[in-house]
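So you know, we letter chains A, B, ... as the sequences are listed, proteins then strands, and number each from 1.
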Amino acid sequence: MRLSRYFLPLLKENPKEAEIVSHRLMLRAGMIRQQAAGIYSMLPLGKKVLDKVCNIIREEQNRAGAIEVLMPTVQPADLWIESGRYNDYGKEMLRIRDRQDRAMLYGPTNEEMITDIFRSYVKSYKDLPLNLYHIQWKFRDEVRPRFGVMRGREFLMKDAYSFDLDFDGAKAAYNRMFVAYLRTFERCGLKSIPMRADTGPIGGDLSHEFIVLAETGESEVFCHRDYLEMDVPGADVDFNDDAEMASIVGKWTTPYAATDEMHDEAEWAKTPEAERLSARGIEVGHIFHFGTKYSEPMGAAVTGPDGKQHNVSMGSYGIGPTRLIGAIIEASHDDNGIIWPESVAPFGAAIVNMKPGDAGCDGVSEQVYAALTNAGVDPLLDDTDDRAGAKFAAMDLIGLPWQVVVGPRGVGNGVVEVKNRRTGERQEMTPEAAVNMIGRGNLTA
RNA sequence: CAGGGUGUAGCUCAGCAGGUAGAGUACCGCACUCGGAAUGCGGAAGUCGCGAGUUCGAGUCUCGCCACCCUGACCA
């Protein structure tokens with residue numbers, strides 16, 4: 001992409017409504033535009049990051065055996081009346097009447113609808129386990145939206161729903177999602193820590209929040225330092241191996257970890273003082289087993305091997321991709337702007353042509369641009385005639401992992417300057433070497 | 001939802017002894033060809049959130065409404 005033909009509305013000054021870093025930087029980097037309290041448009045740069053995040057989520061859900069569907073944003077109230085939540089949900093639910101005066105709603109979540117889909121088709125235990133997910137916009141009319149996309153009213157959410165014959169099956173399904181989440185957040189460049197979450201009236205221990213550590217986090221968290229060094233399962237992990245899944249989950253749930261709501265001073269005291277880490281965190285995912293809470297009232301049952309009807313045992317697994325973007329920025333930025341992990345960077349590299357119109361600079365810029373494009377890096381070429389300072393500041397702000405600076409000085413000597421956004425390190429090399437280095441993606445950004 | 005605050009140019013803000021609106025920046029044009037957001041000159045740009053009221057006259061005072069932000073209780 002050529003910057004001169006792109007749509008990247010950068011803001012030089014901080015919009016006053018934005019308090020926290022991620023909100024400020026997303027506005028300044030031209031990623032989002034607020035349309036109403038808690039409701040945002042995704043501008044091109046934001047959309048690119050969102051797509052990358054969603055693809056990582058999608059790949060890991062698929063790897064773990066979940067199957068993608070897409071349910072609508074607008075739902076009929078009937079299903080919710082059936083589950084009993086139509087009245088319970090309160091003002092957070094955006095209720096709508098259509099032209100026939102039918103009661104509709106903008107979905108805040110999809111348990112009812114997915115249960116309806118399931119019960120309509122699945123009748124046998126042989127079709128289990130089943131895990132269906134979608135990535136769709138949700139609306140919750142929050143009393144107080146804030147922090148930009150971190151706490152919007154309309155937000156994108158990946159929610160998966162598992163269906164199993166019994167608790168053991170549901171637990172295995174839960175474990176698969178648990179491991180998928182570890183991998184997902186790792187791939188987004190985040191250090192996530194699963195923490196026991198409140199299971200409410202359901203009880204049990206099958207509910208975890210995945211928390212990303214960030215100084216600006218919304219909640220206070222307490223955990224063992226060991227989490228910082230734990231290995232995340234590789235891509236070769238076998239999701240069909242229930243024992244292996246259980247063992248990974250076991251490893252990741254043994255050391256102490258809790259948010260302030262679940263914090264237990266007595267348990268915490270058992271962790272040696274030096275091993276304790278108390279910090280702030282951002283919840284980026286939540287997995288939850290809820291058994292027959294919906295399958296029972298809605299009649300989602302299958303015939304078991306015993307020939308009897310069994311209400312399926314369910315769980316739901318959420319990740320907020322829009323919120324995740326905010327969390328990534330909170331966890332990865334400096335005074336000059338965003339520092340994208342390579343996996344979610346909107347463009348793989350910036351090429352800064354210091355002197356558009358100069359035959360030498362134009363030639364080298366185009367050459368590097370073509371080569372990086374061929375290498376699959378998806379570069380952004382700054383071919384505008386802004387002043388140098390403005391160009392550098394803009395590129396630092398949008399935080400692409402690499403900047404290839406093509407200036408008349410270097411071009412005369414047959415070199416370009418490559419800057420690593422994260423480390424700030426700059427080195428001169430030939431254009432070919434630069435393309436090689438970035439194209440191979442062998443430098444950890 | 002309770003408490004507090006703010007709405008003036010795209011953005012950040014000034015103007016408040018009531019007299020009909022200003023700066024920086026961004027934008028457009030010309031010159032400048034420039035290595036860290038501050039090159040010069042010129043230009044365009046505002047129903048002063050909306051509606052009433054007081055007044056000869058309201059961005060400025062009064063009342064009502066709306067929007068947005070912050071603090072708290074609640075959530076991916």
Side-chain angles (χ1 to χ4, degrees), chain A residues 9-20 23-24 27-28 30 33-39 53 57 89-93 108-110 135-160 181 185 192 197-198 200 207-212 218-219 259 261 281-288 316-327 335-337 352-362 382 384-398 403 405-411 416-417 419 424 426 428:
Chain A
L10 300 182
L11 266 36
K12 196 155 146 186
E13 289 175 278
N14 283 323
K16 63 178 171 191
E17 72 270 18
E19 289 286 312
I20 66 164
H23 190 193
R24 249 186 355 240
L27 288 167
R28 289 194 50 209
R33 166 156 182 93
Q34 179 167 333
Q35 306 289 174
I39 300 179
V53 167
I57 292 171
Y89 220 91
K91 291 193 165 183
E92 281 206 347
M93 180 186 278
T109 178
N110 289 69
I135 300 176
Q136 177 61 293
W137 293 94
K138 306 259 182 293
F139 192 92
R140 290 181 194 166
D141 202 354
E142 296 276 349
V143 210
R144 193 181 156 211
R146 62 184 114 172
F147 305 150
V149 296
M150 299 271 284
R151 178 82 182 278
R153 292 145 92 201
E154 187 182 52
F155 55 97
L156 198 61
M157 183 152 124
K158 184 288 296 183
D159 37 333
Y181 275 35
F185 300 129
S192 75
D198 191 359
S207 177
H208 286 89
E209 291 178 349
F210 285 75
I211 304 284
V212 166
E218 61 202 331
S219 48
T259 58
E261 300 104 33
I282 300 167
E283 182 182 348
V284 290
H286 192 171
I287 60 178
F288 194 87
S316 73
Y317 314 91
I319 296 178
T322 38
R323 153 174 281 232
L324 193 47
I325 293 172
D335 289 346
N336 297 323
V352 183
N353 184 346
M354 296 304 293
K355 194 173 181 180
D358 175 87
C361 288
D362 287 352
D382 180 355
T384 66
D385 59 2
D386 278 337
R387 308 182 79 77
K391 283 171 174 279
F392 290 134
M395 288 306 122
D396 280 353
L397 174 61
I398 68 172
Q403 294 169 17
V405 180
V406 181
R409 252 172 21 200
V411 165
V416 295
E417 180 184 285
K419 172 178 163 182
R426 296 181 232 181
E428 295 204 325

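The gap from the C1' atom of B:rU25 to that of B:rG43 amounts to 16 Å, rounded to the nearest Å. A distance of about 15 Å separates the P atoms of B:rC65 and B:rG4, rounded to the whole Å. Between the C1' atoms of B:rC48 and B:rG19, the separation comes to 16 Å (whole Å). Look at the P atom in both B:rC61 and B:rG42: the space between them is 35 Å, to the nearest Å. The C1' atoms of B:rU20 and B:rC63 are separated by 23 Å, rounded to the nearest whole Å. The gap from the P atom of B:rA38 to that of B:rC74 amounts to 45 Å, rounded to the nearest Å. For the C1' atoms, the distance from B:rA9 to B:rG59 is 14 Å, rounded to whole Å. B:rG24 and B:rC41 have their P atoms separated by 11 Å, given to the nearest Å.
Partners of A:Tyr181 according to the ring pair (Phe, Tyr, Trp, His ring centres under 6.0 Å) rule, which considers only residues two or more places apart in sequence or in another chain, are A:Phe185, A:Phe210. Qualifying side-chain hydrogen bond (donor to acceptor under 3.5 Å, both in side chains) partners for A:Lys419, counting only residues two or more places apart in sequence or in other chains: A:Asp396. Under the salt bridge (charged side-chain N to carboxylate O under 4.0 Å, His left out) criterion, A:Arg151 pairs with A:Glu142, not counting sequence neighbours. Annotation: salt bridge (charged side-chain N to carboxylate O under 4.0 Å, His left out) contacts of A:Lys391 (sequence neighbours excluded): A:Asp382. Shown here are the salt bridge (charged side-chain N to carboxylate O under 4.0 Å, His left out) partners of A:Arg153, two or more places apart in sequence or in another chain: A:Asp141. With sequence neighbours excluded, no residue forms a side chain to side chain contact (heavy atoms under 4.5 Å, CB included) with A:Arg387. In this structure, A:Lys355 has no salt bridge (charged side-chain N to carboxylate O under 4.0 Å, His left out) partners at least two apart in sequence or on a different chain.
Here the CZ atom belonging to A:Phe155 is positioned 7.0 Å from the NZ atom belonging to A:Lys138, to the nearest 0.5 angstrom.
A:Asp159 places no side-chain N or O within 3.5 Å of a backbone atom of A:Gly318 that could act as its donor or acceptor partner.
For the side-chain contact (heavy atoms from CB on, under 4.5 Å) with A:Met354, the lone residue among A:Val411, A:Val405, A:Val406 that qualifies is A:Val405.
Residue contacts shown for A:Arg153 are absent, as no nucleic acid heavy atom lies under 4.0 Å away. Residue A:Ala18 is classed as having no contact, given no heavy-atom separation below 4.0 Å to the nucleic acid. Across all strands, A:Glu417 comes closer than 4.0 Å to base atoms (heavy-atom distances). In this structure, A:Glu17 reaches the sugar-phosphate backbone alone: every heavy-atom distance under 4.0 Å involves primed, P, OP1 or OP2 atoms, never a base. Within the nucleic acid shown, A:Gly357 has no heavy atom closer than 4.0 Å to any nucleic acid atom. Nucleic acid contact class of A:Ala393 (heavy atoms, under 4.0 Å, all strands): base. Heavy atoms of A:Arg426 sit under 4.0 angstrom from at least one base atom. Residue contacts shown for A:Lys16 are limited to sugar-phosphate atoms, with no base heavy atom under 4.0 Å away. Nucleic acid contact class of A:Gly318 (heavy atoms, under 4.0 Å, all strands): none. Across all strands, A:Val405 comes closer than 4.0 Å to base atoms (heavy-atom distances). As judged by a 4.0 angstrom heavy-atom cut-off over every strand, A:Leu397 is placed among the base-contacting residues. Counting any heavy atom pair closer than 4.0 Å across all strands shown, A:Asp159 reaches no nucleic acid atom.
Once you apply a 4.0 Å limit to the heavy atoms of chain A, the touched nucleotides of RNA chain B run 5' to 3' over B:rC1 to B:rA76.
In terms of position along RNA chain B, the nucleotide closest to A:Arg33 lies nearer the 5' end than the nucleotide closest to the other residue of the pair A:Asp396 and A:Arg33. Looking at which nucleotide of RNA chain B each of A:Met157 and A:Lys12 is closest to, the 5′-most match is held by A:Lys12.
Side-chain contact check for A:Ile20 versus A:Arg146: every heavy-atom pair is 4.5 Å or farther apart.
For RNA chain B, runs of at least 3 consecutive pairs of the Watson-Crick or G-U wobble type, with both hydrogen-bonding distances under 3.5 angstrom, map to B:1-7 with B:66-72, B:10-13 with B:22-25, B:27-31 with B:39-43, B:49-53 with B:61-65.
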